[in-house]
Amino acid sequence: MASVPWAEIREKFQAALALSRVELHKNPEKEPYKSKYGARALLEEVKALLGPAPEDEDERPEADDGLGARGPVLGLPAEAVEAEGSSAQRALRLAVIEFHLGVNHIDTEELSAGEEHLVKCLRLLGRYRLSRGCVSLYVQAQNNLGILWSEREEIETAQAYLESSETLYNQYMKEIGSPPLDPTEHFLPEEEKLPEQERSKRFEKVYTHNLYYLAQVYQHMEMFEKAAHYCHSTLKRQLEHGAYHPMEWAINAATLSQFYINKLCFMEARHCLSAANVIFGQTGKIPATEDSPEAEGDMPELYLQRKGEIARCWIKYCLAVMQNAQLSMQDNIGELDLDKQSELRALRKKELDEEESIRKKAVQFGTGELCDAISAVEEKVRYLRPLDFEEARELFLLGQHYVFEAKEFFQIDGYVTDHIEVVQDHSALFKVLAFFETDMERRCKMHKRRIAMLEPLIVDLNPQYYLLINRQIQFEIAHAYYDMMDLKVAIADKLRDPDSHIVKKINNLNKSALKYYQLFLDSLRDPNKVFPEHIGEDVLRPAMLAKFRVARLYGKIITADPKKELENLATSLEHYKFIVDYCEKHPEAAQEIEVELELSKEMVSLLPTKMERFRTKMALT
């Protein structure tokens, strides 16, 4: 090292860093890694100029520096040993080079070589890992090894590296606390060293990345509660340190809202979505950075896609809050229970008093003006369950607004599945709003709107390629007609003498419901048109419900022809009997349709007697 000026070594290192930052698309098309290979060559030159690794570091056994055969051994204490003396300083600089060589090889998809260099980096730093000069580099090396093992789907090894990084960061902040050196500073002259504030900013960014990767690992391991906690911490820290890209941040916050929705934590979900809206509004207004050389606003297609995805998260929120209210207030036949509604009204004030102060603090994003902007969006959206039609309608209109926004990007041409899911959610919004409506005619019109948006979807869908979607839509349309028929029957029951027009309307709705239930059931048949002896778990409940409703529909057909009525009763009995017989052969099916099974058994018992009386009456007349 004495024969080569230190300034020359520094220059080579800085040139390597500059080449490493060149974006792949700026390289020749046939040499996408040209800049990476150039950076690698310079790094190897610097490594050679620095000389061999000190013997006491290079030959240390793995377990001594916190490394096992495939990853860090957690829980080993680290001591704050500073890298003093020329030998230790050389080891530290070599570790920086090994780190960059490791990242370089990973960038060029040479994972094994990348791993080898990163592990060398950790070995060189082992005893110094808690020192100001080494801790940031050590954490970054472990983060990259965590990502590498995650890509190999060796999730537990990835978890070990990342958790080790988290432990080291926490230990350093507790025992030392002052901003550590950034790895690049080991190749900078004293007068160019970073100020304390910049060091702190960079180290905190490294730790934020660590939390972000841990969130993904925990998600992969189905530790959803922990994943959500780490995701939330990451998002919060990114805002605090101003280290985020608006579009990416917003989509991550909107995705996190879905976790809270599933946990029925609607205040938290609303906060995430409101924050997503505010931060997404910054897209294109924040200049390009080292991490994102292209401004996000320069990608209109991606912008529109992310906007549509956030809109879909809002739709799910509105739907979930309304559906949860419905579940809380419905009776055993799915109608509004006024007593339950009154009980929930009484609880409303208590919910407001307890939750607003306690829960809001736990999920607060941003401070100052940003916090105010997020609160302004939140205040326009309810998080408490709606207790009447007007409250439900507010959520419905918000959800419908986002349906239209989502459909701007997710159009039927190019995004078939996504478009259909958005339309199905729109239909579900109408369905749950109808629960809160007391006027039966208006409820009918809501179901009619559902049918109008769903029926066109299956006209052009190839059932071979979109079998599951076809089934879902057929079942949903059938149920909408079924609900409309029930409502029309209820309206007719209130009239002294229903006219022929109403009777015809009821029969037409009945016929349409039967048509779509039958299409659904026929889709379960094999290529020889034979209905399966054993129905798959995924379609068991809908298949049994379809059979039950078909049985009920045949019993509801209004006809003046006694012979036709007898035929309808026989068909009805056949479907009720299918349910009873199937559940006897497959006892596990009974758990899926307990209520319908009991009713079916009752009808199997009663209908033959009713049919016999009907035959006797026909014979006498």
S.K.: Does the side chain of Lys36 reach to within under 4.5 Å of the side chain of Leu19, using non-hydrogen atoms?
M.R.: no

S.K.: Flag the pair Tyr172 / Leu168 as yes when at least one side-chain heavy-atom distance between them is below 4.5 Å, and no otherwise.
M.R.: no

S.K.: Side-chain contact test, heavy atoms from C-beta onward, threshold under 4.5 Å: evaluate it for Leu122 versus Tyr161 and give yes or no.
M.R.: yes

S.K.: Is any side-chain heavy atom of Asp413 closer than 4.5 Å to a side-chain heavy atom of His419?
M.R.: no

S.K.: Distance check, rounded to the nearest 0.5 Å: Leu429 atom CG versus Met446 atom CE?
M.R.: 11.5 Å

S.K.: Give me each pair satisfying side chain to side chain donor-acceptor pair (under 3.5 Å) with a member in residues 312-323, each pair once, sequence neighbours excluded.
M.R.: Asn277-Trp314, Arg312-Asp418, Arg312-Glu421, Lys316-Asp425

S.K.: Taking Gln258's backbone N and O only, do any of them form a donor-acceptor pair with Asn262's side chain (distance below 3.5 Å, no angle check)?
M.R.: yes

S.K.: In sequence, state the C-alpha distance, the side-chain angles, and the governing distance for Ser328 and Lys340, and then conclude on side chain to side chain contact (heavy atoms under 4.5 Å, CB included).
M.R.: CA-CA 7 Å; Ser328 302; Lys340 289 181 180 178; over 6 Å; no

S.K.: Check the pair Val217, Tyr230 against side chain to side chain contact (heavy atoms under 4.5 Å, CB included), reporting the backbone distance first and the verdict last.
M.R.: CA-CA 10 Å; Val217 163; Tyr230 276 79; over 6 Å; no

S.K.: Considering all heavy atoms of both residues, which atom of Pro179 and which atom of Arg199 are nearest to each other, and what is their separation?
M.R.: CB-CB, 3.8 Å

S.K.: Could you please spell out the steps behind the side chain to side chain contact (heavy atoms under 4.5 Å, CB included) verdict for Gln140 and Phe99?
M.R.: CA-CA 8 Å; Gln140 288 183 60; Phe99 170 77; 3.8 Å; yes

S.K.: Would you confirm whether the ring centroid of His271 sits within less than 6.0 angstrom of the ring centroid of Phe365?
M.R.: yes

S.K.: Around Lys263, counting heavy atoms of other residues, nucleotides and ligands shown, do more than 12 lie under 6.0 Å from its NZ?
M.R.: no

S.K.: With a cut-off of 6.0 Å (strictly less than), are more than 12 heavy atoms of other residues, nucleotides or ligands near CZ of Arg237?
M.R.: yes

S.K.: If we only count heavy atoms from C-beta on, is the Met267 to Arg270 side-chain gap below 4.5 Å?
M.R.: yes

S.K.: Considering non-hydrogen atoms only, spot the tightest contact between Cys313 and Ala254 and give its length.
M.R.: SG-O, 3.6 Å

S.K.: Got a second to check how far Glu166's CD is from Tyr213's OH, nearest 0.5 Å?
M.R.: 14.5 Å

S.K.: When you look at Gln282 and Tyr244, which way does the side chain to side chain donor-acceptor pair (under 3.5 Å) test go after all the steps?
M.R.: CA-CA 11 Å; Gln282 298 175 357; Tyr244 65 94; 2.7 Å; yes

S.K.: Is it the case that the side chains of Tyr415 and Gln305 hold a donor-acceptor pair, with the cut-off being a distance below 3.5 Å and no angle test?
M.R.: no

S.K.: Looking at Phe430 and Arg450, what are the two nearest heavy atoms and their distance?
M.R.: CB-CG, 3.6 Å

S.K.: Decide whether Tyr218 and Gln159 meet the rule of one side-chain donor and one side-chain acceptor closer than 3.5 Å.
M.R.: no

S.K.: Show your working on salt bridge (Lys or Arg N to Asp or Glu O under 4.0 Å) between Asp388 and Arg345 and close with a plain yes or no.
M.R.: CA-CA 10 Å; Asp388 56 38; Arg345 280 193 197 284; 3.6 Å; yes

S.K.: Is any side-chain N of the basic residue among Glu394 and Lys380 closer than 4.0 Å to the acidic one's carboxylate O?
M.R.: no

S.K.: Which distance, rounded to the nearest 0.5 Å, do you find between the CG of Leu211 and the OG of Ser233?
M.R.: 6.0 Å

S.K.: Got a donor-acceptor contact below 3.5 angstrom from the Ser200 side chain to the Gln197 backbone?
M.R.: no

S.K.: Are the side chains of Ser150 and Gln216 in contact, using a 4.5 Å heavy-atom criterion?
M.R.: no

S.K.: With no hydrogens and no angle check, is any side-chain donor or acceptor of Ser165 less than 3.5 Å from a backbone partner on Val139?
M.R.: yes

S.K.: For the aromatic rings, using the six-membered ring if either is Trp, is the centroid distance between Tyr303 and Phe280 under 6.0 Å?
M.R.: yes

S.K.: Thr234 and side-chain contact (heavy atoms from CB on, under 4.5 Å): which partner among His232, Lys236, Gln238?
M.R.: Gln238

S.K.: Are Arg443 and Glu437 close enough, and set up right, to give a salt bridge (Lys or Arg N to Asp or Glu O under 4.0 Å), and what steps lead you there?
M.R.: CA-CA 6 Å; Arg443 284 174 76 178; Glu437 178 57 77; over 6 Å; no

S.K.: So do the side chains of Val321 and Ile261 get within less than 4.5 Å of each other, counting heavy atoms only?
M.R.: no

S.K.: Could you tell me whether a side-chain N or O of Asn324 sits under 3.5 Å from a main-chain N or O of Ala320, the two making a donor and an acceptor?
M.R.: no

S.K.: What closest approach, in Å, do Leu148 and Gly114 show between heavy atoms, and which atom pair accounts for it?
M.R.: CD1-C, 4.5 Å

S.K.: To the nearest 0.5 angstrom, please state how far the NE2 atom of His426 sits from the CG atom of Leu454.
M.R.: 10.5 Å

S.K.: Would you call Leu398 and Phe396 a side-chain contact if the rule is heavy atoms closer than 4.5 Å?
M.R.: no

S.K.: Does the side chain of Ser136 pick up a donor-acceptor pair with the side chain of Arg202 at under 3.5 Å?
M.R.: no

S.K.: Can you tell me how far the CZ atom of Arg541 sits from the CD atom of Gln591, to the nearest 0.5 Å?
M.R.: 12.5 Å

S.K.: What do the steps show when you test Arg348 against Glu391 for salt bridge (Lys or Arg N to Asp or Glu O under 4.0 Å), and what is the final call?
M.R.: CA-CA 13 Å; Arg348 172 66 65 86; Glu391 290 183 358; 3.2 Å; yes

S.K.: Counting neighbours of CD on Glu537 that are heavy atoms of other residues, nucleotides or ligands and sit closer than 6.0 Å, is the number greater than 12?
M.R.: no

S.K.: Any chance you could lay out the salt bridge (Lys or Arg N to Asp or Glu O under 4.0 Å) test for Glu309 and Arg306, step after step, and finish with the verdict?
M.R.: CA-CA 5 Å; Glu309 287 167 352; Arg306 294 291 184 252; 2.9 Å; yes

S.K.: So how far is it from Ser342 OG to Leu387 CG, rounded to the nearest 0.5 Å?
M.R.: 9.5 Å

S.K.: Mind listing the closest non-hydrogen atom pair of Gly102 and Leu118 along with its distance?
M.R.: CA-CG, 4.1 Å

S.K.: Does the side chain to side chain contact (heavy atoms under 4.5 Å, CB included) test come out yes or no for Asn170 and Tyr207, once each step is laid out?
M.R.: CA-CA 10 Å; Asn170 287 328; Tyr207 179 54; 3.8 Å; yes

S.K.: Pair up each side-chain donor or acceptor in residues 466-482 with any protein partner under 3.5 Å, not counting sequence neighbours, and list the distances.
M.R.:
{"unit_1": "Asn470", "atom_1": "ND2", "unit_2": "Tyr466", "atom_2": "O", "d": "3.4"}
{"unit_1": "Arg471", "atom_1": "NE", "unit_2": "Ser523", "atom_2": "OG", "d": "3.0"}
{"unit_1": "Arg471", "atom_1": "NH2", "unit_2": "Ser523", "atom_2": "O", "d": "2.9"}
{"unit_1": "Gln472", "atom_1": "OE1", "unit_2": "Gln424", "atom_2": "NE2", "d": "3.2"}
{"unit_1": "Glu476", "atom_1": "OE2", "unit_2": "Ser427", "atom_2": "OG", "d": "2.6"}
{"unit_1": "His479", "atom_1": "ND1", "unit_2": "Arg549", "atom_2": "NH1", "d": "3.4"}
{"unit_1": "Tyr481", "atom_1": "OH", "unit_2": "Glu455", "atom_2": "OE2", "d": "3.2"}
{"unit_1": "Tyr482", "atom_1": "OH", "unit_2": "Arg552", "atom_2": "NH1", "d": "2.9"}

S.K.: Would one find more than 12 heavy atoms of other residues, nucleotides or ligands at under 6.0 Å from atom CZ of Arg382?
M.R.: yes

S.K.: Which atom pair, heavy atoms only, marks the closest approach of Trp149 to Ala158?
M.R.: CB-N, 3.8 Å

